[in-house]
Amino acid sequence: MADNNSEPSAEAKAGRPFPVSWDQFHRDCRALTWRLNEVGPFHAVVAITRGGLVPAAIVARELGLRVIDTVCIASYDHTSQGDLQVLKGVSADVARLGGGTGKGLLIVDDLVDTGATGRMVRQMLPDAHFATVYAKPKGKPLVDTFITEVSQDTWIHFPWDTALSYQPPIRP
Ligand SMILES: O=P(O)(O)OC[C@H]1O[C@H](OP(=O)(O)OP(=O)(O)O)[C@H](O)[C@@H]1O
Ligand code: HPA
Ligand SMILES: [Mg+2]
């Protein structure tokens, strides 16, 4: 935390860190796919970029899906949430596969936090199945299938955003 007169650091604002390794992420994606396998079959995967690209690749591999589209949305600059920007919507081919409402399509993202991103994609594809690997309580009602819930004051550190570094001992 910074001194009394200045803003708390981004890390402090983000609360508890929850680091996720590549191994853990892969295992959680596989667990998600086992659940999705009970719900499908799906015509195609729609990944919410960029974070959804990594689980979408793993889920698509496990479910034997080769049609993968993206919805490109940006809102966070590291831990600061800004206005949502839709940079690209669903492609015409995949929208047609989902009959215009997303029926039979699988939307994948790494997590829901406030739910703002998920809400926007649900408006585009109301009948699609929405899956995330992690969910915080505010966003959870928007998701059809997820694997791990973390508290709202937790910040998930994904392996593609982090690197191994020295940690000082708890007792100096
Ligand atoms: O539920 P919300 O509060 O909307 O937050 C969740 C979204 O935030 C992150 O994306 P971000 O906008 O950081 O872009 P990125 O995927 O490119 O990192 C994350 O990947 C989710 O898509
Ligand atoms: O907890 C989070 N971790 C990484 N990116 C995020 N975007 C929204 N919430 C998070
Ligand atoms: Mg994202």
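Residues take their numbers from the sequence shown, with the count starting at 1. First listed ligand is number 1; within each ligand, the first listed atom is number 1. What you see below is based on every heavy atom in this structure, not just the backbone, and it leaves out hydrogens, waters and symmetry mates.
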ask   = Can Gly118 be said to touch ligand 1, with heavy atoms closer than 4.0 Å?
value = no
ask   = Salt bridge or not for Lys136 and Glu149, using N-O below 4.0 Å?
value = no
task = Indicate yes or no: does Asp144 engage Arg122 in a salt bridge with an N to O separation below 4.0 Å.
result = yes
Would you mind listing which atoms of ligand 2 come within a distance below 4.0 Å of any non-hydrogen atom of [X]?
| X | value |
| --- | --- |
| Lys136 | 1 (O), 2 (C), 9 (N) |
| Asp113 | 8 (C), 9 (N), 10 (C) |
| Leu111 | 1 (O), 2 (C), 6 (C), 9 (N), 10 (C) |

remark   = At under 4.0 Å between heavy atoms, what of Asp161 touches ligand 2? The answer is neither
May I ask you to test the [X]-[Y] pair for a side-chain heavy-atom distance under 4.5 Å?
| X | Y | value |
| --- | --- | --- |
| Pro55 | Phe25 | yes |
| His129 | Leu105 | no |
| Thr117 | Val112 | no |

Distance under 4.0 Å to a non-hydrogen atom of [X]: what atoms of ligand 1 satisfy this?
| X | result |
| --- | --- |
| Leu111 | 6 (C), 19 (C), 21 (C) |
| Gly115 | 1 (O), 2 (P), 3 (O) |
| Gly51 | 15 (P), 16 (O) |
| Val112 | 1 (O) |
| Asp110 | 19 (C), 20 (O), 21 (C) |
| Arg50 | 15 (P), 16 (O), 17 (O), 18 (O) |

query = For ligand 1, which part of Thr117 has a heavy atom less than 4.0 Å away: the side chain, the backbone, both, or neither?
reply = both
ask   = Only one of Asp113, Thr154, Asp110, Asp28 clears side-chain hydrogen bond (donor to acceptor under 3.5 Å, both in side chains) with Tyr134; which?
value = Asp28
remark   = dist Ile107:CD1 -> Phe42:CZ (nearest 0.5 Å) comes out at 10.5 Å
request  = Quick one: pull up CZ in Arg96 and OG in Ser91 and give me the separation to the nearest 0.5 Å.
outcome  = 8.5 Å
message = Looking only at distances, can you tell me whether any N or O atom of Phe158, backbone or side chain, sits closer than 3.5 Å to an N or O atom of ligand 2?
response = no
task = Output yes when the distance from some N or O of ligand 1 to some N or O of Ile48 is under 3.5 Å, and no in every other case.
result = no
ask   = Should the ring pair Trp160 and Trp22 be called parallel, tilted or perpendicular, given that the plane angle runs from 0 to 90° and is split at 30 and 60?
value = tilted
ask   = So is His157 in contact with ligand 2, going by heavy-atom distances below 4.0 Å?
value = no
inquiry  = Between Arg16 and Trp155 (side chain of the first, backbone of the second, donor and acceptor by atom type, cut-off under 3.5 Å), is there such a pair?
reply    = no
